[in-house]
Engineer: 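Below: one structure in structure tokens.
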Amino acid sequence: MENYKIVHRGGQGEIVEKKSRFIATVCPVMSEEEAISFIEKTKKKYWDARHNCHAFVIGERNEISRCSDDGEPSGTAGKPMLDVLLGAGVHNVCVVVTRYFGGTLLGTGGLVRAYSKAVQEGLANSVVIEKILSSRMEIYTDYNGIGKIQYIIGKSPAITVKTEYTDKVSVEILIKKELSESIYKEIVEATNGKAEIVRGDDCWCGEADGEVIIF
């Protein structure tokens with residue numbers, strides 16, 4: 001895979017259905033052990049709740065996925081929660097939905113809807129980013145060529161890591177690997193081969209809150 005979504009920073013969402021509170025707590029995890037640790041920690045925090053149901057998905061291709069109804073009727077909590085994570089296309093994430101019973105039974109359909117909606121709220125309050133396999137390039141040019149290069153970069157999905165102005169201009173970019181060859185050729189043609197382009201190692205990167213994140 002050359003790109004996939006991950007939870008960069010977890011969040012929390014809450015809904016109320018017929019006086020029952022459903023609190024979804026989302027956390028990024030890199031292993032099943034991390035997921036289990038987070039689940040246990042959340043259960044301790046909400047020790048007085050009727051249920052702490054969970055679901056998690058780990059791996060670029062969802063190699064590990066688990067869920068639990070934690071005492072709710074079979075298939076009404078964990079599986080719907082897992083379905084929301086899979087449907088959202090997020091990886092390396094764990095969610096625990098804590099339920100404080102409000103005294104009114106919701107029925108099978110009501111539980112499925114409530115647990116699903118809670119996870120959606122939790123994800124909405126988390127920071128989800130696209131993790132992209134990218135090629136790193138450093139471009140060196142004179143001041144006459146920088147305008148053309150910035151135009152090419154600006155109309156592409158490339159991320160500018162830094163720009164330095166000295167006796168010449170250097171621009172470091174990250175570009176989706178599958179597009180690296182085309183932008184390389186475009187810059188060479190636009191500058192008549194005068195720009196020097198140094199290719200670096202491939203890496204995974206993303207953006208969150210205007211910040212470039214290199215994994």
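In what follows, residues are counted from 1 in the order of the sequence shown. Computed from a predicted model, the values in this text were never measured in an experiment.
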Engineer: With rounding to the nearest 0.5 angstrom, report the OG to CD1 distance, Ser170 to Ile139.
Structural biologist: 9.5 Å

Engineer: Please round to the nearest 0.5 Å and tell me the distance separating atom OG1 of Thr76 and atom CZ of Arg113.
Structural biologist: 12.0 Å

Engineer: With a 4.5 Å cut-off on side-chain heavy atoms, are Ile15 and Ile23 touching?
Structural biologist: no

Engineer: Which heavy atom of Gly122 sits nearest to which heavy atom of Ser126, and what is that distance?
Structural biologist: O-OG, 2.8 Å

Engineer: Has the side chain of His91 got a donor or acceptor atom that lies under 3.5 Å from a matching backbone atom of Lys5?
Structural biologist: no

Engineer: In the single-linkage hydrophobic clustering (I, L, V, M, F, W, Y; side-chain heavy atoms under 4.5 Å), do Ile213 and Ile132 co-cluster?
Structural biologist: no

Engineer: Going by the side-chain hydrogen bond (donor to acceptor under 3.5 Å, both in side chains) test, which pairs reach into residues 14-27, not counting sequence neighbours?
Structural biologist: Gln12-Thr25, Glu14-Arg21, Ser20-Arg99

Engineer: Do you know the tightest heavy-atom contact between Val112 and Gly75?
Structural biologist: CG2-O, 4.1 Å

Engineer: Under 4.5 Å between side-chain heavy atoms, counting indirect links through other Ile/Leu/Val/Met/Phe/Trp/Tyr residues: same cluster for Leu82 and Val7 or not?
Structural biologist: yes

Engineer: Do other residues, nucleotides or ligands put more than 12 heavy atoms under 6.0 Å from Lys155 NZ?
Structural biologist: yes

Engineer: Just by modelled atom types, is the Lys194 backbone N or O under 3.5 Å from a matching donor or acceptor in the Asn192 side chain?
Structural biologist: no

Engineer: What do you reckon, is OH of Tyr151 surrounded by more than 12 foreign heavy atoms closer than 6.0 Å?
Structural biologist: no

Engineer: Find out whether Ile6 and Val90 are in side-chain contact, i.e. whether some heavy atom of one side chain is under 4.5 Å from a heavy atom of the other.
Structural biologist: no

Engineer: Answer yes if Val29 and Val84 sit in the same cluster of Ile, Leu, Val, Met, Phe, Trp and Tyr residues linked by side chain heavy atoms under 4.5 Å apart, and no otherwise.
Structural biologist: no

Engineer: Please tell me whether Tyr4 and Leu133 are part of a single hydrophobic cluster in this structure, the criterion being side-chain heavy atoms less than 4.5 Å apart.
Structural biologist: yes

Engineer: What distance do Ile187 atom CD1 and Ile153 atom CD1 have between them, rounded to the nearest 0.5 Å?
Structural biologist: 5.5 Å

Engineer: Say you draw a straight line from CD of Glu138 to CD1 of Ile173; how long is it, rounded to the nearest 0.5 Å?
Structural biologist: 10.5 Å

Engineer: Do you know the tightest heavy-atom contact between Ile146 and Tyr143?
Structural biologist: CG2-O, 3.3 Å

Engineer: Any chance you could measure Ser135, atom OG, to Arg199, atom CZ, to the nearest 0.5 Å?
Structural biologist: 7.0 Å

Engineer: Is Lys162 close to Glu164 at the side-chain level, that is, under 4.5 Å between some pair of heavy atoms?
Structural biologist: yes

Engineer: Is there a side-chain contact between Cys205 and Lys131 in this structure, where contact means two heavy atoms from C-beta onward sitting under 4.5 Å apart?
Structural biologist: no

Engineer: Check whether any side-chain heavy atom of Val93 sits under 4.5 Å from a side-chain heavy atom of Leu85, and report yes or no.
Structural biologist: yes

Engineer: Hey, which of Glu72, His51, Gln120 is the one that makes side chain to side chain donor-acceptor pair (under 3.5 Å) with Tyr115?
Structural biologist: Glu72

Engineer: Can you name the nearest heavy-atom pair linking Ile129 to Gly206, along with the distance?
Structural biologist: CD1-CA, 4.5 Å

Engineer: Begin with the C-alpha distance, continue with both residues' side-chain angles, and end with the deciding distance and a verdict on side chain to side chain contact (heavy atoms under 4.5 Å, CB included) for Val97 and His54.
Structural biologist: CA-CA 6 Å; Val97 175; His54 70 259; over 6 Å; no

Engineer: Taking atom CG of Leu174 and atom CD1 of Ile214, what is their separation to the nearest 0.5 Å?
Structural biologist: 5.0 Å

Engineer: For Ala208 versus His8, what's the shortest heavy-atom pair and its separation?
Structural biologist: CB-CD2, 3.8 Å

Engineer: Not counting sequence neighbours, which residues clear side chain to side chain donor-acceptor pair (under 3.5 Å) with Ser134? List them please.
Structural biologist: none

Engineer: Yes or no on side chain to side chain contact (heavy atoms under 4.5 Å, CB included) for Cys94 and Val26, after CA distance, side-chain angles and deciding distance?
Structural biologist: CA-CA 6 Å; Cys94 180; Val26 179; over 6 Å; no

Engineer: Quick one: closest heavy-atom pair of Asn92 and Gly59, and the distance?
Structural biologist: OD1-N, 2.8 Å

Engineer: Is a donor on one side and an acceptor on the other found under 3.5 Å between the side chain of Glu63 and the backbone of Glu60?
Structural biologist: yes

Engineer: Donor-acceptor check, side chain of Ser65 to backbone of Asn62, threshold 3.5 angstrom: yes or no?
Structural biologist: no

Engineer: Side chain to side chain donor-acceptor pair (under 3.5 Å) with Thr98: which of Asp70, Asn52, Asp48?
Structural biologist: Asn52

Engineer: Quick one: are Glu34 and Ser31 in side-chain contact, heavy atoms under 4.5 Å?
Structural biologist: yes

Engineer: With the 4.5 Å side-chain cut-off for hydrophobic clustering, are Trp47 and Val96 part of the same group?
Structural biologist: no

Engineer: Please lay out, stage by stage, how Lys177 and Asp202 fare under the test salt bridge (charged side-chain N to carboxylate O under 4.0 Å, His left out).
Structural biologist: CA-CA 8 Å; Lys177 186 176 180 180; Asp202 293 341; 3.2 Å; yes

Engineer: Any side-chain heavy atom of Tyr184 sitting closer than 4.5 Å to one from Met137?
Structural biologist: yes

Engineer: Suppose the criterion is salt bridge (charged side-chain N to carboxylate O under 4.0 Å, His left out): which pairs have a residue in residues 114-128, not counting sequence neighbours?
Structural biologist: none

Engineer: Any side-chain heavy atom of Phe56 within less than 4.5 Å of one from Ile64?
Structural biologist: yes

Engineer: Could you please spell out the steps behind the side chain to side chain contact (heavy atoms under 4.5 Å, CB included) verdict for Ser116 and Asp83?
Structural biologist: CA-CA 8 Å; Ser116 299; Asp83 287 343; over 6 Å; no

